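Structure first, then comments.
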Number of protein chains: 4
Amino acid sequence: MGTQERKTREKEARRQLILTAANRMLSEKGFMQMTMEDVAREAELSTGLLYFYFKGKDEILVTLLLNSIQYLNDRLRQVRDQDGVALQEKMKQLEDTFKDLLAFDPSVFHKIIHLHSSRNMEKLSFSLIEEVKEGYRQAFSLMTEIFRKIQDAGIAFSAAPDHYTDFICSIFLGSICHAQCLFLSAGDRDHQQQLLGEAFEIIDKSVSNGASQKDRKKICNYSA
Amino acid sequence: MGTQERKTREKEARRQLILTAANRMLSEKGFMQMTMEDVAREAELSTGLLYFYFKGKDEILVTLLLNSIQYLNDRLRQVRDQDGVALQEKMKQLEDTFKDLLAFDPSVFHKIIHLHSSRNMEKLSFSLIEEVKEGYRQAFSLMTEIFRKIQDAGIAFSAAPDHYTDFICSIFLGSICHAQCLFLSAGDRDHQQQLLGEAFEIIDKSVSNGASQKDRKKICNYSA
Amino acid sequence: MGTQERKTREKEARRQLILTAANRMLSEKGFMQMTMEDVAREAELSTGLLYFYFKGKDEILVTLLLNSIQYLNDRLRQVRDQDGVALQEKMKQLEDTFKDLLAFDPSVFHKIIHLHSSRNMEKLSFSLIEEVKEGYRQAFSLMTEIFRKIQDAGIAFSAAPDHYTDFICSIFLGSICHAQCLFLSAGDRDHQQQLLGEAFEIIDKSVSNGASQKDRKKICNYSA
Amino acid sequence: MGTQERKTREKEARRQLILTAANRMLSEKGFMQMTMEDVAREAELSTGLLYFYFKGKDEILVTLLLNSIQYLNDRLRQVRDQDGVALQEKMKQLEDTFKDLLAFDPSVFHKIIHLHSSRNMEKLSFSLIEEVKEGYRQAFSLMTEIFRKIQDAGIAFSAAPDHYTDFICSIFLGSICHAQCLFLSAGDRDHQQQLLGEAFEIIDKSVSNGASQKDRKKICNYSA
DNA sequence: TATGAATGAGCGTTCATTCAT
DNA sequence: TATGAATGAACGCTCATTCAT
């Protein structure tokens with residue numbers, strides 16, 4: 001019935017409310033400094049209610065991370081499935097994907113970091129950890145497929161597709177981290193997007209260069 | 001006086017004892033899980049004494065980080081100042097520098113991460129923060145100098161030297177972080193060095209490619 | 001009216017449903033570990049509804065205890081009123097009564113214990129406490145009557161009937177408690193009934209012995 | 001050195017201070033209602049310090065229980081080893097032992113009860129649980145030895161010594177529990193000692209009766 | 001210098017109870 | 001009657017830091 005449906009919707013809305021509030025506090029204070037009371041206050045709810053919707057603090061974090069992973073994978077799937085585009089376009093799409101992920105979740109890096117902070121996973125349910133693992137695997141797999149497609153199109157990559165996946169992942173994560181170092185040393189803000197952009201620029205050029213040696217004609221247009 | 005000198009030396013030795021112990025615990029448990037009592041036990045000292053040598057937990061962390069930054073900068077200076085080597089050699093030296101940094105301090109990444117964890121710097125003394133900033137600046141500056149030298153030697157870089165600095169820093173930090181993701185998703189160990197190696201391989205090739213088009217003769221031997 | 005009556009009946013049925021569920025959870029988890037949500041889930045009702053039928057968690061416990069007390073008193077009345085049986089038979093009936101009480105409510109001991117746990121009675125309504133008191137008094141009174149009858153029949157008891165009441169009550173409660181100690185120390189199960197049986201055996205024999213000295217002829221058949 | 005020794009003594013004194021405070025609060029409020037802050041306040045210490053001396057709330061309880069068990073076993077050993085006393089004396093000594101245990105630790109019953117409250121032992125260290133088990137076993141074993149000695153002396157017991165052990169244990173525990181029932185129903189205080197006394201009186205008489213039939217001469221004086 | 005006992009604020013979490021619907 | 005989301009006080013426990021000796 002409509003009533004039942006509305007309730008379900010409202011419950012989901014509450015969950016989202018909490019997640020949004022947690023995300024705000026997470027960006028503001030970091031995971032360790034964020035208390036459940038912070039989240040409750042930000043969401044204008046009682047602390048107890050948080051535990052009605054989530055098993056605990058860690059589950060909130062992981063749920064948020066899973067959201068971001070899903071966002072990334074959705075975008076990666078689009079990039080993979082979109083045919084008839086030029087190589088540079090594919091790389092540009094990848095760059096935009098990561099930039100948008102960063103806009104979608106500015107603290108995705110910190111979520112990943114905390115999740116891996118050894119002792120924090122022990123309290124998580126097995127299935128939730130599995131979801132994260134699966135999310136990671138899908139992301140890696142999708143990226144590798146994309147790189148393979150590019151390579152199959154004749155572009156001369158200097159390494160195997162899965163190495164490119166690792167390479168791009170490292171650059172994504174590293175750009176965020178290095179941006180913080182720059183922020184500390186120079187005081188500027190928001191280098192993340194910029195660093196990512198510059199890194200992709202370097203990669204793009206080197207790829208074009210590499211490509212040029214093999215099959216320059218094939219660069220512009222290839223189909224899956 | 002000799003006595004005074006000996007005292008100073010012994011004090012410094014104690015500090016090192018604590019730092020070494022802290023480093024061990026840091027690798028073992030991570031910063032949040034490491035308690036001051038852990039450090040004291042590992043150093044076979046009392047907790048109270050830690051506060052005689054260091055202002056607090058954070059200061060220990062930052063001191064350790066400064067050590068690692070200094071190690072890095074020393075190495076970078078050597079790379080910069082060593083003349084008469086081929087381009088590939090310079091890149092290889094850079095790669096080795098970072099790999100050695102990782103061996104020298106396996107938890108350097110986590111130190112950086114924690115330092116930036118927003119609220120953790122408030123308790124630190126101004127001068128200590130300045131030291132870190134200065135260390136960062138020097139590292140960036142040294143790397144940029146190195147890249148500039150390479151570029152000056154006629155190697156066709158696809159970007160400005162300081163962008164390469166950011167690029168390499170990102171890759172260094174990102175490789176460590178991504179290695180953890182791989183560890184979670186695949187269960188393998190110790191991808192850090194490997195990922196870093198693969199990343200440098202990709203860069204090397206692209207640089208060679210780029211270089212080859214411009215001035216292949218100049219690659220092999222250049223002098224500052 | 002019939003409708004009214006049905007409603008009353010249904011309401012009582014609901015109460016019983018809750019009580020039964022609570023009893024199950026009580027045996028399974030113990031009072032402190034049993035949450036109201038446990039009870040609600042077990043009864044397939046909502047938590048809120050529990051508070052329509054009962055003032056709170058403690059009231060459920062006490063209501064269950066009252067049930068068991070009533071069961072005991074009903075049985076004791078039967079033992080008291082049944083004439084023309086031998087002495088040993090009376091003692092056997094008493095033994096069976098307690099054993100059946102234990103079967104009827106395996107957690108009666110824990111209910112009693114919790115009720116007495118000092119601060120737990122403060123929240124209970126005056127009348128409910130009075131009911132428990134009255135139930136206790138009736139049980140003690142009934143048992144004393146039974147012992148008096150036995151004594152009046154010429155059996156040489158070594159103590160006054162009310163002392164025997166206390167004695168038997170202590171043995172009943174103590175057997176349950178001691179069974180738990182044995183369970184902890186030896187790991188065996190279900191000593192309750194056995195301990196109770198052994199205790200009664202000891203009592204029986206000593207009573208027979210004592211009796212034999214005075215008036216053995218009167219043992220076998222006496223009437224109230 | 002003297003200083004070291006004094007420190008050790010003072011530390012032990014602190015432990016005792018906490019245990020004493022906990023015992024007071026335990027009698028006053030019961031285990032569940034007693035908070036660590038209560039104990040700290042009563043001992044005029046900070047809550048944190050409690051955790052320096054004890055692993056947690058449960059460990060305090062068990063330590064107190066172990067104290068009482070040790071007290072009991074010491075007394076039982078004395079009873080067992082004292083030769084050349086009459087049978088009645090042995091029984092009287094047993095009675096006094098339990099009465100003194102009750103005076104030594106008025107809440108020993110509640111400690112036992114809580115310990116057995118299923119889920120509470122999970123947090124305890126294995127060795128501590130083993131100590132309790134061993135304490136129980138020793139008590140049972142000592143009592144059984146005592147009863148065997150009495151029986152060997154020619155006293156006609158109506159049951160095996162270990163059944164008598166169970167019997168006496170049940171009566172001890174049951175008397176305390178039943179005293180609470182009486183307190184609730186009648187409002188009187190301190191029936192514990194009295195009930196225990198009455199119970200022993202009943203047992204004594206029945207034993208004397210039983211004994212008289214076999215070997216009255218041996219009652220008065222026997223040696224191990 | 002060195003010790004380690006002492007502090008105490010703070011946090012994650014639980015759960016009996018209430019209340020809007 | 002019935003629901004179940006919402007409340008919020010309470011508690012056990014941790015640990016960086018201090019301080020008397």
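Predicted, not measured: the structure shown is a model, and the values here were computed from it. The figures here come from the full heavy-atom set of this structure, side chains too, leaving out hydrogens, waters and symmetry mates. Below, chain A is the first sequence line, B the second, and so on; all start at residue 1.
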Under 3.5 Å, is there a donor-acceptor pair between the side chain of [X] and the main chain of [Y]?
X: T8(A); Y: Q4(A); value: yes
X: D38(D); Y: T35(D); value: yes
X: R14(C); Y: Y53(C); value: no
X: S125(D); Y: L128(D); value: yes

Heteroatom pairs (N/O) under 3.5 angstrom, protein to nucleotides 14-16 of chain F:
from    : atom 1 : to     : atom 2 : distance (Å)
dA16(F) : OP1    : K57(B) : NZ     : 3.0
dA16(F) : OP2    : M36(B) : N      : 2.8

Quick one: [X] [atom1] to [N] [atom2], roughly how many Å, whole number?
X: L45(D); N: dG4(E); atom1: CG; atom2: C1'; result: 15 Å
X: L50(D); N: dC11(F); atom1: CG; atom2: P; result: 14 Å
X: I18(A); N: dA6(F); atom1: CD1; atom2: C1'; result: 11 Å
X: L61(C); N: dT17(E); atom1: CG; atom2: P; result: 12 Å
X: E10(A); N: dA6(F); atom1: CD; atom2: C1'; result: 13 Å
X: R41(C); N: dT3(F); atom1: CZ; atom2: C1'; result: 16 Å
X: K29(C); N: dT14(E); atom1: NZ; atom2: P; result: 12 Å
X: Y53(A); N: dA6(F); atom1: OH; atom2: C1'; result: 8 Å

D38(A) vs K7(D), nearer the 5' end of DNA chain E by closest nucleotide: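 Final value for this comparison: K7(D).
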Assess whether a salt bridge exists between E10(D) and R6(D), defined as any Lys/Arg side-chain N lying under 4.0 Å from an Asp/Glu carboxylate O.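 Between R6(D) and E10(D) there is a salt bridge, with a charged N closer than 4.0 Å to a carboxylate O.
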So, R9(B) and E12(B), do they make that salt bridge, N to O below 4.0 Å?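 E12(B) and R9(B): not salt-bridged.
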Rounded distance (nearest 0.5 Å) linking atom NZ of K57(C) with atom NE2 of H114(C): 7.0 Å
Side-chain N or O of R14(B) closer than 4.0 Å to phosphate OP1/OP2 of dA2(E):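 So the side-chain polar atoms of R14(B) do come within 4.0 Å of the phosphate oxygens OP1 or OP2 of dA2(E), strictly under.
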Side-chain N or O of S46(C) closer than 4.0 Å to phosphate OP1/OP2 of dT3(F): yes
With a 4.0 Å cut-off on heavy atoms, is F54(B) in touch with a base, just the backbone sugar-phosphate, or nothing at all?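 No contact at all - F54(B) keeps every heavy atom at 4.0 Å or more from the nucleic acid.
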Base, sugar-phosphate or nothing for K11(A)? Non-hydrogen atoms, less than 4.0 Å.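 Sugar-phosphate, backbone atoms only, no base.
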Which dot-bracket string describes DNA chain E (Watson-Crick N1-N3 plus N6-O4 or O6-N4, or G-U N1-O2 and O6-N3, all under 3.5 Å; [ ] crossing; | other strand)? .||||||||||||||||||||
Who passes side-chain contact (heavy atoms from CB on, under 4.5 Å) against K55(A), sequence neighbours left out? E59(A)
K111(B) and N23(B): CA distance, side-chain angles, deciding distance, side-chain hydrogen bond (donor to acceptor under 3.5 Å, both in side chains) verdict: CA-CA 10 Å; K111(B) 286 173 191 136; N23(B) 230 352; 2.7 Å; yes
